[in-house]
Structures are given as structure tokens and as C-alpha cells.
Amino acid sequence: MALSKERLGRYNPEKPQENRLTDLGPRHFWEFFPPVIQENYGKWLYHDILEPGILAHVSETGAKVYTVRCGAARFMTVQHVREICEIADKYCKGYVRFTTRNNIEFLVDSIEGLEALKKDLESRKFAGGSFKFPIGGTGAGISNIVHTQGYIHCHTPATDASSMVKAVSDELFEYFKGMTLPAKLRVSMACCLNMCGAVHCSDIALLGYHRKPPIVDHEYISKLCEIPLAIAACPVGAISPDKTESGKKTVKIKSERCMFCGNCYTMCQALPLSDQEGDGVTILAGGKISNRISDPKFSKVVVPWLPNSFPRFPEVVENVKKIVEAYAKGANKYERLGDWAERIGWERFFEQCGLEFTEHLIDDYRLAYDTWRTSTQFKFTDAAWEVSKVAGGIEE
Ligand code: HEM
Ligand code: HEM
Ligand code: SF4
Ligand code: SF4
């Protein structure tokens, strides 16, 4: 395979602007629609989930389309993409699509085609034994985990994305293959609190977290960084300008004020903060983005810190399972995890999930006041006593 030298011009480093094509934008999606989708665009009447991972859409023209949704690792080789194309060529006239949660969807227009496709997909495995194209991710189950770069590509992570997602997905696999929960449960992951993706609005979210302030590289900071940017990057005003003994411009960090967000490092390479023992994982819960019944919600911190136990993150997996199982047992039909937690009260949420409440979970940032309880309405739970204790309200 080679790039066309005629169509796009040959790249000449001596004249980088010559024959340069720019601002072409993406290809129009219409070009890539299977014929049945083009013909029935805007005419769909209803849909059904035939079984986990299999959808059927029926058009007012009478046309039907069956969709097979498969899990994917998101991070994939060209070889794997070629295998996807090969499957699409064989069963789907060469058409295929990816979902907003990075699942793969193969579309066919007959039941016979559907059965052959399903059988083929389920038979494909990697040499290590993992399914290449597990079918599922529909309805009231757990679909793919939206996640980030981790140690594969980013320079600011506090944990890894792909390995944690694999470990958690392995444990939640039965929920990907089934639709047994009260409502869909969205899990997402981000390796630092830039929160690329959807951790701030997911039912369960895994977030990389630091616990030590940055180290200041006094020697190079004035050469590498725009110092006022680093100072302005800090959400808590912990950074101020300073001079070294030899008179070089630098910064000082009030470490008791720093809450290890890493924002100053994003702005300034001379302030690294990642740390083997300090870094780990925070779990959030109860966010959602749809407007169904209740408004969209932000997820809330429920586990302050778990260690980065590479490569299988047993502590993270165990805590996610505890939350999923308590939710599956306790919630009513259609209740998202956040709806359930709010109905029973967060003190009961902690009790039912078997999670410890610590002072780290009490909001102390600017608008924190509104998150405290300005009511006498609460349930007597061990978790509620823990809150009172950590807030200094009652004696041990
Ligand atoms: C210091 C700042 C950042 C750097 C250096 C950075 C770097 C990168 C790099 C190298 C990639 C991979 C690009 C590729 O594969 O071709 C990437 C992807 C991405 N970044 Fe960032 N990023 C930064 C901040 C952010 C922020 C703040 C967000 C979102 C709030 C974000 C969202 C994303 C997303 C969504 C992707 C694509 C992920 C995917 O689908 O594979 N990035 N970033
Ligand atoms: C209040 C603010 C925000 C809300 C309510 C929001 C909401 C959402 C929703 C609804 C999704 C889709 C989740 C899904 O498909 O299940 C999502 C995904 C995502 N959001 Fe946000 N978002 C917000 C802010 C941001 C910001 C500021 C960024 C980037 C700078 C961002 C980047 C992303 C990315 C990269 C995804 C994943 C998209 C994909 O995988 O296709 N979001 N967010
Ligand atoms: S969440 Fe943070 S560490 Fe992870 S990819 Fe985004 S910027 Fe990088
Ligand atoms: S890590 Fe965050 S809180 Fe700490 S000094 Fe840097 S910007 Fe401020």
C-alpha cells in the first residue's frame, strides 16, 4: 500500500507548502451508509432488542435492518481493523460502524445473514483466548468502558487506561453479555483529572489520582515554562513566584494547599508529580447524561483512593463489583445508579455497597456548602455515624 503521488501530490520537505491540501474536513457520512440505511433514512418506525447485542429496526417502508454490536478494545492494530473490514465485506456489503462507546456494529438486512454473522463473530478469538468480537452491550447491561490514553500515550496520567479497562471488563463480562440490571450502567475511565471522556457523568467512573505535590525543577523552570501560566493554572492558589539563590526565576508551592491536580504540570514541564506509591485510583458513582425521568447528574466520589496494582487492579475490580451488585439488588426497574442512590440516600448507598466513608469524600472546594446536609432528614446507618465522626460532630 502506498499513498497516491498523483492525487495528493508528493511531499517535498524543501517546499512544505507546495501541493499542500488543507481544510478538507471529514468525508460526508452519507457516502458510508449501507443501502438499507440510505433508503430508510428518517423513516424508522420502531426498534427491538432481539437478544443481548442484537437490534432490529423497522422502517415505514417495511425494510428491516439487524445490528450486531460487538465489544472492542478501542486501542487496536491495523491488522484488527482489517479483520473487521474482512467481516464487513463477507456479511455486510463492506459497511461497518463504530458507536460512541467504541463498540463495533455490523448491519445486515436478513435473518439468515444475521445468524451466519453471529456464529462467525463468536468463533473468533485471540491467541491468548480472549474474544475478538464478543456480542453484547445493549439494553440494561454494561456496555464498553469509555477510556483514555494512560501510559500508552499521555504524559500526565496517574494510572493506566487500557489495562484497567481490560481487568474491569473481564470481571463485568456477564453484564456485557446480558441485560439483567435495573437500567443501563455506564462505566468510564480517565487516567488523570483532566477527565478526557465521560468520568464526570457516568454511573461508575474510575479516575487516576495523585497524592503528592509536584517537584520543582528550579534549574530549568524559567527556560521551559511561561511562569505566570503555571501560577494561573492552580485552582487553589498554591503556587507563587520565587527566586533561586542564584537569582533565577522559579516558583514555590505551598504543599499543604496543593491537592495534586497536576494542572501546573500540564502547563509547565518543570513541575512533574507522578509517583509510584502516591498515584492510584479514585472511584466515582451516580452520574448520568440522559434526561430520562431525572436530570443529568455529575458522578460523586465514593472511594477516595485505591492502589495502582498493575496489571489486574484487584482492589479496583473488587470495589466496582461491590457497587454493581448492590445496585443490581437494590434498585427499581429503570432506576439508574444515581437515581437509586438519591432515593435511598447516600448514607444507605455506602451501607449497601459496603464502602467506607472518610473525610476525603466531604466537599471542601468553593461551592462545597451546598453539598452538606442542611436538614434533619437522614437514616441512622453506620455510614451516617462515620460522617458525623469525621466531621467532628460526635465523639468516637
Ligand atoms: C496536556 C494536554 C494534552 C495532551 C498533550 C494530549 C495528548 C493527546 C495525544 C497524544 C493523543 C493521541 C492522539 C492520537 O492518537 O493521534 C490524545 C488523544 C485524545 N485526547 Fe488528549 N491531550 C491533552 C489533553 C486533553 C484533554 C484536556 C482532553 C479532554 C478533556 C483530551 C482528550 C483527548 C481525546 C478524547 C483523545 C482521543 C482518544 C481516542 O479516542 O483515542 N486531551 N491526546
Ligand atoms: C457538563 C459538561 C459535560 C457534559 C454534560 C458532557 C456529557 C457527555 C456525554 C453525554 C457523553 C457521552 C457518553 C456516552 O456516550 O455514553 C460524553 C462523552 C465525552 N465527553 Fe463529555 N460532557 C461534558 C464536558 C466535556 C468536556 C469539557 C469535554 C472535553 C474537553 C468532554 C469530552 C468528552 C469525550 C471525549 C467523550 C467521549 C466521546 C466518545 O467516546 O465518543 N466532555 N460527555
Ligand atoms: S485523562 Fe489525563 S492522563 Fe489521561 S489521556 Fe487525558 S490528559 Fe492524558
Ligand atoms: S498540582 Fe494542582 S493544586 Fe498542586 S500546585 Fe499544581 S496546580 Fe496547584
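Only this structure's heavy atoms are used, side chains among them; waters, hydrogens and symmetry mates stay out. Counting starts at 1 for both ligands and their atoms, in listed order.
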Any idea which part of Thr156 is under 4.0 Å from ligand 3, heavy-atom wise: side chain, backbone, both or neither?
-> both

Looking only at heavy atoms of Pro213, does any of them come nearer than 4.0 Å to an atom of ligand 4?
-> no

At what distance is the nearest protein heavy atom to atom 3 (S) of ligand 4, and which residue and atom is it?
-> Met259 N, 3.4 Å

So does Cys234 have any N/O/S atom less than 2.8 Å away from atom 8 (Fe) of ligand 4?
-> yes

Thr148 heavy atoms within 4.0 Å reach ligand 3 at atoms 1 (S), 4 (Fe), 5 (S)

Pick one: which of Glu335, Arg336, Lys297 meets side chain to side chain contact (heavy atoms under 4.5 Å, CB included) with Glu342?
-> Lys297

Residue Val236 vicinity, atoms of ligand 4 by number, heavy atom under 4.0 Å | 3 (S)

Identify, by atom number and element, the atoms of ligand 4 in contact range of Cys258, meaning under 4.0 Å from any of its heavy atoms.
-> 1 (S), 3 (S), 4 (Fe), 5 (S)

Numbering as shown, the atoms of ligand 4 that approach Ile239 to under 4.0 Å (heavy-atom distance) = 5 (S)

Indicate, with yes or no, if the rings of Tyr209 and His360 have centres closer together than 6.0 Å.
-> no

Is a salt bridge present between Arg312 and Asp170, judged by a nitrogen-to-oxygen distance below 4.0 Å?
-> yes

Determine if the SG-SG distance between Cys225 and Cys268 falls under 2.5 Å.
-> yes

For ligand 3, which atoms sit closer than 4.0 Å to a heavy atom of Asn194?
-> 2 (Fe), 7 (S)

Please answer whether the main-chain N or O of Val199 pairs with a side-chain N or O of Ser299 as donor and acceptor at a distance below 3.5 Å.
-> yes

Close-contact set for ligand 3 against Cys196 heavy atoms, below 4.0 Å | 1 (S), 6 (Fe), 7 (S)

What is the closest protein heavy atom to atom 2 (Fe) of ligand 4, and at what distance does it sit?
-> Cys261 SG, 2.3 Å

Under 2.8 Å from atom 4 (Fe) of ligand 4, is there an N/O/S atom belonging to Cys264?
-> no

Under 4.0 Å from one or more heavy atoms of Pro157, ligand 3 contributes atoms 3 (S)

At a 4.0 Å threshold, what atoms of ligand 3 neighbour a non-hydrogen atom of Gln149?
-> 5 (S)

How long is the gap from CD1 on Ile152 to CG on Asp160, to the nearest 0.5 Å?
-> 6.0 Å

Is there a donor in the side chain of Ser143 and an acceptor in the side chain of Asn103, or the other way round, less than 3.5 Å apart?
-> yes

Any luck finding a side-chain donor-acceptor pair between Asp242 and Thr250 under 3.5 Å?
-> no

Numbered atoms and elements of ligand 3 in range of Cys154, under 4.0 angstrom, heavy atoms | 3 (S), 5 (S), 7 (S), 8 (Fe)

Does the separation of the ring centres of Phe32 and Tyr95 fall below 6.0 angstrom?
-> no

Check whether any side-chain heavy atom of Leu50 sits under 4.5 Å from a side-chain heavy atom of Leu55, and report yes or no.
-> no

Output the list of atoms in ligand 4 that are nearer than 4.0 Å to some heavy atom of Gly262, sorted by atom number.
-> 1 (S), 2 (Fe)

For the residue pair Phe29 and Phe33, categorise the inter-ring angle as parallel (less than 30°), tilted (30 to 60°) or perpendicular (more than 60°).
-> tilted

Run the numbers for me: atoms of ligand 3, each under 4.0 Å from some heavy atom of Cys192, listed by number.
-> 1 (S), 2 (Fe), 3 (S), 4 (Fe), 7 (S)

